[in-house]
Amino acid sequence: MSITDSPKVLLINGPNLNMIGTREPHIYGSTTLIQLEEQLTEKAKQLEFALTCFQSNIEGEIITQIQQAKANNVDVIIINPGAYTHTSIGIRDAFLSVQIPFIEIHISNVYAREHFRHHSYLSDVASGILVGHGLFGYELALYRAQNIISSR
Ligand code: DQA
């Protein structure tokens, strides 16, 4: 299979996730986003799909990226929406409009943190959620993406 007809997975990281590596390392670890994206891109190759990585601190850019995923025939989206998890009806509506299966991931266990982190506008419409597995959760999400693609 050539890379052009490989299944496509889009990874979206939301606000402040460009700061992992230096941001609250006791919660988010010491690996940078660039390092994480490199590791995941390598893993995706082994799993035989093409991974595109996108990060933005801007809600509208994330919404546009989700809308464009439809036109780009993306098979699965993995998203860590950061703080927008707890606030964004716009990101929820974008997922509802494109109907692309998505996996919601959080590095930290949001349920062991402040109460305002316990609610997600996305979880009930996600294919699945991964919470509190640290950066390994992203790798788990890749396996799940492969599983979603292969069971279609
Ligand atoms: C987070 C949890 C959110 O509550 C927080 O706003 C983040 C990161 C996580 O990965 O644990 O920015 O999504």
Side-chain angles (χ1 to χ4, degrees), residues 7-47 49-70 72 74-149:
K8 293 181 189 169
V9 176
L10 171 65
L11 170 64
I12 300 176
N13 275 295
N16 297 306
L17 289 157
N18 55 321
M19 300 295 286
I20 61 168
T22 54
R23 169 193 185 195
E24 299 176 275
H26 57 292
I27 299 177
Y28 299 111
S30 56
T31 302
T32 66
L33 184 61
I34 302 286
Q35 290 167 338
L36 175 69
E37 289 178 346
E38 278 170 6
Q39 289 164 14
L40 295 173
T41 302
E42 209 34 58
K43 189 82 212 167
K45 271 189 207 145
Q46 290 167 22
L47 297 174
F49 55 76
L51 183 71
T52 302
C53 301
F54 174 80
Q55 188 278 329
S56 177
N57 295 321
I58 300 168
E59 186 176 12
E61 287 185 358
I62 295 170
I63 292 169
T64 299
Q65 197 64 212
I66 295 166
Q67 292 174 356
Q68 284 174 353
K70 185 79 183 166
N72 292 337
V74 168
D75 296 282
V76 177
I77 299 175
I78 298 167
I79 184 166
N80 183 343
Y84 289 144
T85 309
H86 320 297
T87 61
S88 182
I89 297 170
I91 293 177
R92 177 191 176 90
D93 284 347
F95 278 116
L96 290 175
S97 69
V98 298
Q99 289 293 312
I100 297 171
F102 73 96
I103 301 161
E104 177 185 345
I105 170 174
H106 300 284
I107 299 165
S108 64
N109 180 355
V110 285
Y111 298 104
R113 300 181 66 192
E114 302 96 321
H115 194 259
F116 62 81
R117 294 186 206 274
H118 298 186
H119 177 259
S120 164
Y121 276 100
L122 301 179
S123 295
D124 66 309
V125 290
S127 293
I129 55 176
L130 284 158
V131 173
H133 299 286
L135 296 186
F136 186 57
Y138 286 91
E139 190 173 330
L140 294 173
L142 293 186
Y143 288 117
R144 176 62 179 135
Q146 186 197 43
N147 172 255
I148 291 170
I149 291 164

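Atom set for the values below is all heavy atoms of this structure, side chains included, hydrogens, waters and symmetry mates excluded. Note that ligands are numbered from 1 as they come in the structure, with each ligand's atoms numbered from 1 the same way. Keep in mind that this is a model prediction, so the values were computed, not measured.
With sequence neighbours excluded, the residues that form a side chain to side chain contact (heavy atoms under 4.5 Å, CB included) with Ala69 are Leu10, Val74, Ile77, Ile100. Judged as a salt bridge (Lys or Arg N to Asp or Glu O under 4.0 Å), and not counting sequence neighbours, the contacts of Glu139 are Lys43. For the salt bridge (Lys or Arg N to Asp or Glu O under 4.0 Å) test, no residue two or more places apart in sequence or in another chain qualifies with Arg144.
Cation-pi contact between Arg23 and Tyr28: present, with separation from the ring centre below 6.0 Å and deviation from the ring axis of at most 45°.
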Measure and list all N/O to N/O distances between ligand 1 and the protein that fall under 3.5 angstrom.
| residue | atom | partner | partner atom | Å |
| --- | --- | --- | --- | --- |
| ligand 1 | 4 (O) | His86 | NE2 | 2.7 |
| ligand 1 | 4 (O) | Arg117 | NH1 | 2.9 |
| ligand 1 | 6 (O) | Ala83 | N | 3.2 |
| ligand 1 | 6 (O) | Arg117 | NH1 | 3.1 |
| ligand 1 | 10 (O) | Asn80 | ND2 | 2.8 |
| ligand 1 | 10 (O) | Ile107 | N | 2.7 |
| ligand 1 | 11 (O) | Ile107 | N | 3.3 |
| ligand 1 | 11 (O) | Ser108 | N | 2.9 |
| ligand 1 | 11 (O) | Ser108 | OG | 2.6 |
| ligand 1 | 12 (O) | Arg23 | NH1 | 3.3 |
| ligand 1 | 12 (O) | Arg23 | NH2 | 3.0 |
| ligand 1 | 13 (O) | Asn80 | OD1 | 2.8 |
| ligand 1 | 13 (O) | His106 | ND1 | 2.8 |

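No side-chain heavy atom of Phe102 sits under 4.5 Å from any side-chain heavy atom of Ile12.
Using modelled atom types, one finds no donor on one side chain facing an acceptor on the other under 3.5 Å when comparing Gln65 with Ser56.
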